[in-house]
Amino acid sequence: MAVYVYAITPAGHPLGLDGVTGVGEPPEPLRVVTEGDLAAVVSDAPENLRAKRRDVLAHQTVLQELLGQGGVLPLRFGALAPHDQAVCDALRDRADNYRERLTALDGCAEFHLKASCEEDVLLSDVLRESEDARRMNEEIRSGRGGQDLKISLGELVAAEITARREALASGVTEALSPLARELRVSEAAGDDFISTSFLVEQARQNAFLEREAELVGAYGEDFDFRLHGPLPPYSFV
């Protein structure tokens, strides 16, 4: 039977999982596969596994329990191995890599931040602050500007909005990064100007949350900040 793998930990991790069960219906019991100074938390993998709500929550619960007790390398939902020996082989063959990451992540959790500002707000800022954009817009509205001027204005506005989003992302990152051990930047989508994960030590998490709250207040109601965490440090494995 295939093996479902939840996480990799040091062999000395407390691994206190009493009362916690794994994926599947009925839920599969958890067990630990050990190789040297590393361990993996696994269970039998149910047939036709899908990302159903119950199974995703079971996966997350296992990781949260482990994270609260010690260092953990979380695997994303759906990681499978053909059997326990394959898990042991992976622990042995990549032991140096796993040890390095466990040391880097020890005592840390991930906080993922997204923040957005509607394009109309940024557009208003551009027209208010850019003399060139304001002049071209007035010419177009008065009927003096042709298609070429409309294209030029569109290109100018797009460049200015991009520059503003980059500046906003840089400002937020600069404010929060001193409180993080590492960070991982993802491509922002839609109206978001930042999508970044921060690896934060437990001793600094309250300070990180306070700093983020200060940013929310400073940027105002035109900005939407969405902070998720503490999470298992998926982005840093």
Side-chain angles (χ1 to χ4, degrees), residues 3-18 20 22-23 30-43 51 55-81 84 86-114 169 172-188 194-212 226-237:
V3 175
Y4 187 100
V5 188
Y6 300 84
I8 296 168
T9 73
H13 190 288
L15 296 169
L17 293 169
D18 291 344
V20 182
V23 297
L30 301 172
R31 62 180 187 275
V32 178
V33 176
T34 303
E35 175 66 29
D37 59 352
L38 296 172
V41 177
V42 307
S43 69
D55 288 332
V56 171
L57 289 176
H59 180 92
Q60 292 175 346
T61 299
V62 173
L63 295 179
Q64 292 290 359
E65 288 291 327
L66 293 171
L67 182 64
Q69 302 170 32
V72 58
L73 297 184
L75 276 69
R76 294 190 182 277
F77 181 88
L80 300 176
D84 284 7
V87 177
C88 289
D89 293 344
L91 293 178
R92 182 182 64 252
D93 295 344
R94 300 195 64 190
D96 289 343
N97 176 264
Y98 293 146
R99 291 191 196 103
E100 183 277 326
R101 280 289 84 196
L102 282 166
T103 299
L105 302 181
D106 188 36
C108 295
E110 176 176 337
F111 288 82
H112 185 73
L113 176 65
K114 291 185 178 183
V172 171
T173 301
E174 184 176 340
L176 293 175
S177 59
L179 295 169
R181 185 181 291 183
E182 297 180 32
L183 58 87
R184 294 286 186 273
V185 178
S186 304
E187 184 176 354
I194 187 171
S195 177
T196 299
S197 292
F198 299 85
L199 183 68
V200 185
E201 299 170 14
Q202 184 174 3
R204 293 183 137 192
Q205 288 177 15
N206 286 339
F208 182 89
L209 292 171
E210 290 171 0
R211 182 72 58 83
E212 191 270 343
R226 290 104 64 203
L227 181 66
H228 301 281
L231 303 168
Y234 292 110
S235 300
F236 300 90
V237 174

*Do the side chain of Arg184 and the main chain of Phe236 share a donor and acceptor less than 3.5 angstrom apart?*
no

*Is a side-chain donor or acceptor of Glu110 paired with a backbone partner of Ser235 at a separation under 3.5 angstrom?*
yes

*Applying side-chain hydrogen bond (donor to acceptor under 3.5 Å, both in side chains), which residue pairs with at least one partner in residues 57-66 are found, sequence neighbours left out?*
Tyr4-His59

*Go through the structure and list residues passing side-chain contact (heavy atoms from CB on, under 4.5 Å) with Asp106, not counting sequence neighbours.*
none

Could you list the donor-acceptor pairs under 3.5 angstrom formed between side-chain atoms of residues 32-40 and any protein atom two or more places apart in sequence or on another chain?
residue: Asp37; atom: OD1; partner: Arg99; partner atom: NE; Å: 3.2
residue: Asp37; atom: OD1; partner: Arg99; partner atom: NH2; Å: 3.3
residue: Asp37; atom: OD2; partner: Arg99; partner atom: NE; Å: 2.9

_Once salt bridge (charged side-chain N to carboxylate O under 4.0 Å, His left out) is applied, what residue pairs with a partner in residues 226-237 remain, sequence neighbours excluded?_
Asp192-Arg226, Asp224-Arg226

_Tyr98: which residues meet the ring-ring contact (aromatic ring centres under 6.0 Å, His included) condition with it, sequence neighbours left out?_
none

_Could you work out, with salt bridge (charged side-chain N to carboxylate O under 4.0 Å, His left out) as the rule, every residue matching Asp84, not counting sequence neighbours?_
Arg31

*asked:* Show every side-chain hydrogen bond (donor to acceptor under 3.5 Å, both in side chains) that has at least one partner inside residues 198-208, sequence neighbours left out.
replied: Arg181-Glu201

_Which residues pass the side-chain contact (heavy atoms from CB on, under 4.5 Å) test with Ala175, not counting sequence neighbours?_
Leu215

*Of all residues at least two apart in sequence or in a different chain, which pass the side chain to side chain donor-acceptor pair (under 3.5 Å) check with His112?*
Ser195, Ser197

Show which side-chain atoms of residues 70-78 pair as donor or acceptor with protein atoms under 3.5 Å away, not counting sequence neighbours.
none

